[in-house]
Amino acid sequence: MHTDDFTELLNPLNAAQREAVTAPLIPLLILAGAGTGKTRVLVHRMAWLIQSGQTRPHNLLALTFTNKAATELQNRIGRLLNNPASGLWAGTFHGIAHRLLRIHWADANLPQSFQILDSDDQLRTIKRVVRALQLNEKTWIPKQIQSFINKQKEQGLRANHVVAGDNTWLRQISIIYAAYEEICQKSGLVDFSELLLRTYEMLRDNPEILNHYRYRFQHILVDEFQDTNTIQYLFLRLLAGQHNHLFVVGDDDQSIYSWRGANIANIQQFPQDFPKTRLIRLEQNYRSTQTILAVSNALIRKNKERLGKELWSEGDKGVPVTLYRAFSETDEASFIVHRIQQWKGQYSDIAILYRTSAQSRVFEEQLLVKGIPYRIYGGMRFYERAEIKDALAYLRLIKLRNDDVAFERVINTPKRGIGEKTLEQIRSQARRHGYSLWQATLSLINEQGLNTRSINLLQAFLSHIEQLTEQTQSLSLARQVKYIIDYSGLIEHYQKEPKEEAQRRLENLDELITAAHQFTDSGKDGLDPLTDFLAHAALESGEGQANKFDDCVQLMTLHLSKGLEFDTVFLCGLEEDLFPHQNSIKEGNLEEERRLCYVGMTRARHHLILSYTESRYQYGSRISCRASRFLNEIPRELLEETRLCTPTTPVYEFLTSPTLIAGQRVKHEKYGEGIVLGLEGEGNLTRIQIQFLKTGLKWLVAAYARIELID
DNA sequence: CCGTTTTCGGTTTTT
DNA sequence: CCGAAAACGG
């Protein structure tokens with residue numbers, strides 16, 4: 001495997017990158033600015049360690065935050081080495097933690113078939129706990145409790161670690177936390193933060209296991225280090241011990257997830273915790289024009305809490321950064337859409353970035369009207385949809401009878417006449433005896449502690465699950481999934497919904513079967529395929545981050561844009577109280593808002609267009625806005641203000657012809673052929689819902705829609 | 001047990 | 001204002 005010829009490995013690197021890649025085996029902290037080749041450095045470092053004979057893929061552990069990043073690392077290292085680099089572990093913190101728990105489930109005090117709770121499952125569980133403790137949900141708000149619990153876990157704190165003192169609020173909330181912990185433990189359920197905490201504790205308390213992994217993972221590489229939370233950092237320190245080699249890459253200026261527990265202090269703390277750390281800065285940017293970098297640098301320089309870094313480029317000065325001042329959010333959108341219409345390149349090279357997802361609506365409306373293809377990122381993901389979670393709940397119950405969350409989800413879905421009253425009796429039975437809901441139901445049936453009707457219904461439900469378990473026992477994964485969907489009654493259940501909705505749900509269920517079919521069971525660590533698939537559904541809930549397969553204008557929040565780049569970036573809504581957001585101003589998180597703005601700006605390769613509006617519709621009333629303070633922090637000479645170049649008020653035409661009725665076949669120049677499903681509104685506000693054969697369901701404004709009727 | 005009325009909250013969301 | 005979720009009512 002190793003050779004003395006490193007030209008291919010080192011040639012594509014600049015001096016700083018090369019220094020990082022070839023640095024000796026000491027703790028390394030690489031401060032990599034936006035667009036400075038951070039992934040490249042990570043990949044080349046691994047390749048260097050292997051090719052120089054210092055280590056084998058087997059001894060490497062690479063940690064990321066997103067599955068996308070993990071896959072990219074894995075692929076790029078494979079390409080660079082001309083070898084899939086098996087033996088190398090590259091994954092998200094959660095993914096790796098999960099993998100360790102699957103292997104060492106017994107030492108982690110978990111059942112072998114433990115299941116993962118996503119945030120939605122977690123919230124439902126907390127609601128149940130609050131109700132079980134007979135607390136008022138208005139005072140003990142489940143969302144707040146969820147965030148409290150996660151914050152504790154992210155710091156490595158269990159319920160019994162919370163020091164309440166005479167703080168009654170804290171005391172009550174830690175009682176809820178403890179009750180939640182108990183339910184999860186009884187049911188064999190692990191939430192996202194628990195994956196990390198449990199793994200940390202398991203390693204800490206089992207020296208022989210810890211030593212085994214310390215011996216194995218002699219090199220630990222971390223991507224996006226600025227996003228690590230406390231428990232992740234503790235995990236790293238524990239695993240690295242005194243002798244292993246940490247190589248962490250991050251950018252304090254791009255830390256935008258503190259509200260999820262990310263702790264920038266980890267970067268500052270690193271050199272102290274790991275003596276002899278070498279800090280290397282990557283500052284040469286290969287993405288943006290000098291002008292864009294000048295603007296971005298000027299902005300981020302206003303932050304006080306930073307290690308300091310200044311991006312530079314050998315590239316062109318480029319065109320000035322543009323600022324547009326609009327009258328209203330509609331005007332802002334028309335301006336941007338108009339500019340997009342003049343664009344000669346690919347739509348997918350354009351991004352519209354905004355602070356809050358609510359801002360996307362105006363853009364969507366106008367892009368739709370103009371027939372410009374677009375894609376909005378964020379929102380409901382595949383594995384988060386109700387119908388998918390229902391199907392998964394059946395599968396979970398098959399694997400793990402005690403999974404209370406799955407039980408609650410499907411006990412009366414589809415409707416089988418088991419109402420809230422019966423369910424409440426099951427819950428109280430469970431509480432009394434410390435049973436799971438499944439066990440409680442069994443015991444209620446045995447004791448004949450309910451009316452005959454309920455007993456029969458419950459018995460039928462339990463038998464149903466038992467049967468499904470038996471009948472899917474020897475099937476392949478995809479057949480198992482299909483069997484469950486076909487025989488759970490979910491199809492009939494969803495068919496009762498309005499036909500539009502029903503169809504979508506059934507399509508999604510179909511898609512789940514396809515997903516199961518395509519799911520290549522890693523077979524890692526001897527996991528059975530179904531358990532592996534369920535974990536995959538929870539941990540890789542699908543298309544979170546953007547990928548531009550179709551040629552569409554990309555619309556997303558600034559948070560979602562991190563790590564991406566576009567030729568042209570429209571950064572809109574630069575208004576005080578919106579960006580920086582009023583809540584962040586209130587909570588003193590101004591620097592993070594500024595970093596967010598910096599992240600947005602540094603996404604652009606050639607064109608950066610900033611905009612704000614003087615007034616905006618919010619919560620039903622029009623409010624007037626002031627320009628964001630961030631705009632004042634950019635030197636005037638770097639900005640070019642642009643004026644209105646298109647009439648704001650479009651000329652309406654009445655195109656709604658009486659022949660336009662549901663069922664009418666139509667043709668659109670961009671979307672192709674479709675069928676009118678329905679109309680909504682009046683006059684020039686009429687919107688038509690059309691099912692296009694190729695491009696799917698769309699709402700068009702009749703007054704604009706360039707459609708022709710066909711028979 | 002379902003459909004309707006009322007209430008409430010509305011920043012960002014890698015896993 | 002607008003959508004989701006709880007509360008209500010037949």
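Chain A is the first sequence line, chain B the second, and so forth, proteins listed ahead of strands; every chain is numbered from 1.
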Among dT13(B), dA7(C), dT15(B), which nucleotide has an atom closest to any side-chain atom of K138(A)? dA7(C)
Sorted by position of nearest nucleotide on DNA chain B, 5' first, the leading residue of F65(A) and G417(A) is G417(A)
Spacing between H581(A) atom NE2 and dT13(B) atom P, to the nearest angstrom: 12 Å
So K496(A), base contact, sugar-phosphate only, or nothing? Heavy-atom distance under 4.0 Å. nothing
Is E408(A) salt-bridged to R427(A), cutoff N-O under 4.0 Å? yes
Contact class for E154(A) vs. all strands (heavy atom < 4.0 Å): base, sugar-phosphate, or nothing? nothing
NA contact type, D118(A), heavy-atom cut-off 4.0 Å: base, sugar-phosphate, or nothing? nothing
Tell me whether the OP1 or OP2 atom of dT15(B) has a side-chain N or O from N67(A) closer than 4.0 Å. yes
Which nucleotide sits closest to the side chain of Y619(A): dG10(B), dT14(B), dT12(B)? dG10(B)
Pair F217(A) and W89(A), ring centroids less than 6.0 Å apart: yes
Which one, dA6(C), dT15(B), dT13(B), comes nearest to the side chain of R131(A)? dA6(C)
Let's see if you can work this out: which of dT12(B), dC2(B), dA6(C) has an atom nearest to the side-chain heavy atoms of K415(A)? dC2(B)
Ignoring hydrogens and angles, are the base of dT12(B) and the side chain of R260(A) linked by a donor-acceptor pair under 3.5 Å? no
Taking the side chain of R381(A) as heavy atoms from C-beta outward, which of dT11(B), dT14(B), dT13(B) is closest to it? dT14(B)
Nucleotide dA4(C), atom C1' - distance to CZ of R124(A) in whole Å: 13 Å
In whole Å, I'd like the distance from the CE atom of M380(A) to the P atom of dT13(B). 13 Å
dist E593(A):CD -> N583(A):CG (nearest 0.5 Å) comes out at 9.0 Å
5'-most contact on DNA chain B (nearest-nucleotide basis), I141(A) vs L596(A), goes to I141(A)
Just N and O in the side chain of S584(A): are any of them under 4.0 Å from OP1 or OP2 of dT11(B)? no
Y377(A) six-ring centre to R375(A) NZ/CZ under 6.0 Å and within 45° of normal: yes
Using a 5.5 Å cut-off between ring centres and planes within 30 degrees, is W259(A) stacked on the base of dT12(B)? yes
Regarding F93(A), tell me which of base, sugar-phosphate or nothing describes its non-hydrogen contacts under 4.0 Å with the strands shown. nothing
Using the rule for Phe, Tyr, His and the six-membered ring of Trp, do H559(A) and dT12(B) stack at under 5.5 Å and under 30°? no
Tell me: CD of E593(A) to C1' of dT12(B), nearest whole Å? 8 Å
Salt bridge R287(A)-E565(A), side-chain N to carboxylate O under 4.0 Å: yes
Which nucleotide, dT11(B), dT14(B), dT15(B), lies nearest any side-chain atom of H94(A)? dT15(B)
So that I can tick it off, tell me whether K496(A) and E501(A) are bridged by a salt bridge, with the cut-off set at under 4.0 angstrom between side-chain N and carboxylate O. no
Does dT14(B) have a Watson-Crick or wobble partner in any strand here, with both distances under 3.5 angstrom, and which is it? none
From NZ of K68(A) across to P of dT13(B) the rounded distance in Å is 15 Å
Nearest whole Å is fine: how far is dC1(C) C1' from Y617(A) OH? 7 Å
Please report, rounded to the nearest Å, how far the C1' atom of dC1(C) is from the CD atom of Q359(A). 16 Å
Let me know the distance between NZ of K143(A) and C1' of dA5(C), rounded to the nearest Å. 10 Å
Considering only NZ, NE, NH1 and NH2 on the basic side and carboxylate oxygens on the acidic side, decide whether E329(A) and R361(A) come within less than 4.0 Å. no
Proximity to the side chain of S119(A) - top-ranked nucleotide from dT15(B), dT14(B), dT11(B): dT15(B)
Which of the following nucleotides, dT14(B), dT15(B), dT11(B), is nearest to the side chain of N583(A)? dT11(B)
